[in-house]
Amino acid sequence: MFTLWIQHCTVQRMALHDGLVLDLADYNELVISRPLQLTLPATGDFPAEDVVLDPGDVAAHHRPLLDLAGSVCTEAWCAEDGALHLRFSRGHVIEVSPDPQACTWELYGKRHGYMACLPGGRVNTVRYDRSDEGTNAEMAPATP
């Protein structure tokens with residue numbers, strides 16, 4: 001498990017352009033380009049609900065479900081297989097599984113570096129905010 005530096009950052013803006021783009025505080029941007037599972041929090045008499053969305057083809061009536069602006073990313077981590085897990089202060093959860101054929105998600109941080117889940121679940125990381133870690137690391141997927 002690898003904690004992402006966007007943990008505790010506020011979502012400033014959301015867009016659907018070449019995927020789901022979340023602009024977060026401290027000059028961070030997360031782009032999710034493959035299908036994701038969005039867990040909606042329970043509201044009133046309605047229980048929590050899971051919705052699968054393809055960020056490249058979001059129906060107009062599903063777009064309001066992705067309005068996370070103003071919420072804080074309370075948990076952000078990726079598993080060794082490249083799966084992305086995000087939890088937000090309003091109760092929303094986003095989970096993205098790796099894709100064997102395509103890049104699944106990319107994280108850009110002006111002050112931190114770059115991470116991406118490459119095809120097959122390999123996670124490539126370039127950090128330039130920590131001198132104790134290698135500047136470029138790649139994690140192999142958990143399964144061959």
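The chain is numbered in sequence order, starting from 1. Treat the numbers as computed from the prediction; the structure is a model and nothing was measured.
The closest side-chain heavy-atom distance from Leu4 to Leu107 is below 4.5 Å. Arg34 places none of its side-chain heavy atoms less than 4.5 Å from the side chain of Ile32. Annotation: side chain of Glu75 is not in contact with side chain of Phe88 (no heavy-atom distance under 4.5 Å). In this structure the side chain of Leu30 reaches within 4.5 angstrom of the side chain of Leu86, judged on heavy atoms.
Follow the hydrophobic side-chain contacts under 4.5 Å out from Met14 and you never reach Val72; the two are in separate clusters. Tracing side-chain contacts under 4.5 Å through hydrophobic residues (I, L, V, M, F, W, Y), one reaches Leu20 starting from Leu40; they form part of the same cluster. In the hydrophobic clustering of ILVMFWY residues, with side-chain heavy atoms under 4.5 Å counting as a link, Val93 and Val11 come out apart. Following chains of ILVMFWY side-chain contacts shorter than 4.5 Å, one can reach Leu38 starting from Leu16, so the two form part of one hydrophobic cluster.
Distance check: Leu68 CG to Thr10 OG1 gives 12.0 Å after rounding to the nearest 0.5 Å. We find the SG-CZ distance between Cys103 and Arg122 to be 10.0 Å, quoted to the nearest 0.5 Å. Here the NE2-CZ distance, from His85 to Phe2, works out to 12.0 Å after rounding to the nearest 0.5 Å. Of the inter-residue distances, the one linking Trp105 atom CH2 with Asp99 atom CG reads 14.0 Å to the nearest 0.5 angstrom. How far CG of Leu84 is from CG of Leu36: 9.5 Å, rounded to the nearest 0.5 Å. Taking CD1 from Ile94 and NE2 from His92, the interatomic distance works out to 8.5 Å, rounded to the nearest 0.5 Å.
Nearest heavy-atom pair, Val96 versus Pro35, reported as atom, atom and distance to 0.1 Å: CG1-O, 3.8 Å. Taking every heavy atom of both residues into account, Gly82 and Val123 meet most closely at CA-CG2, 3.6 Å. When all heavy atoms of Pro100 and Pro119 are compared, the pair lying nearest together is O-CB, 3.7 Å. Considering every non-hydrogen atom in both Ile6 and Cys73, the closest pair reads O-CB, 3.7 Å. Pairing each heavy atom of Pro64 with each of Ala60, the nearest pair is CD-O, 3.5 Å. Nearest heavy atoms, Tyr128 versus Lys110: OH-O, 3.1 Å.
Between the Thr74 side chain and the Arg87 main chain, a donor and an acceptor come within less than 3.5 Å of each other.
Sorted by first then second residue, the side-chain hydrogen bond (donor to acceptor under 3.5 Å, both in side chains) pairs that include residues 11-26, not counting sequence neighbours, are Arg13-Asp23, Asp26-Arg111, Asp26-His112. Sorted by first then second residue, the side-chain hydrogen bond (donor to acceptor under 3.5 Å, both in side chains) pairs that include residues 59-71, not counting sequence neighbours, number zero.
For OH of Tyr114, the number of neighbouring non-hydrogen atoms (other residues, nucleotides, ligands) closer than 6.0 Å is greater than 12.
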Donor-acceptor pairs under 3.5 angstrom involving side-chain atoms of residues 42-55: please list them, not counting sequence neighbours.
unit_1, atom_1, unit_2, atom_2, d
Thr43, OG1, Pro41, O, 3.4
Asp50, OD1, Thr39, OG1, 2.6
Asp50, OD2, Gln37, NE2, 3.4
Asp54, OD1, Gly56, N, 3.0

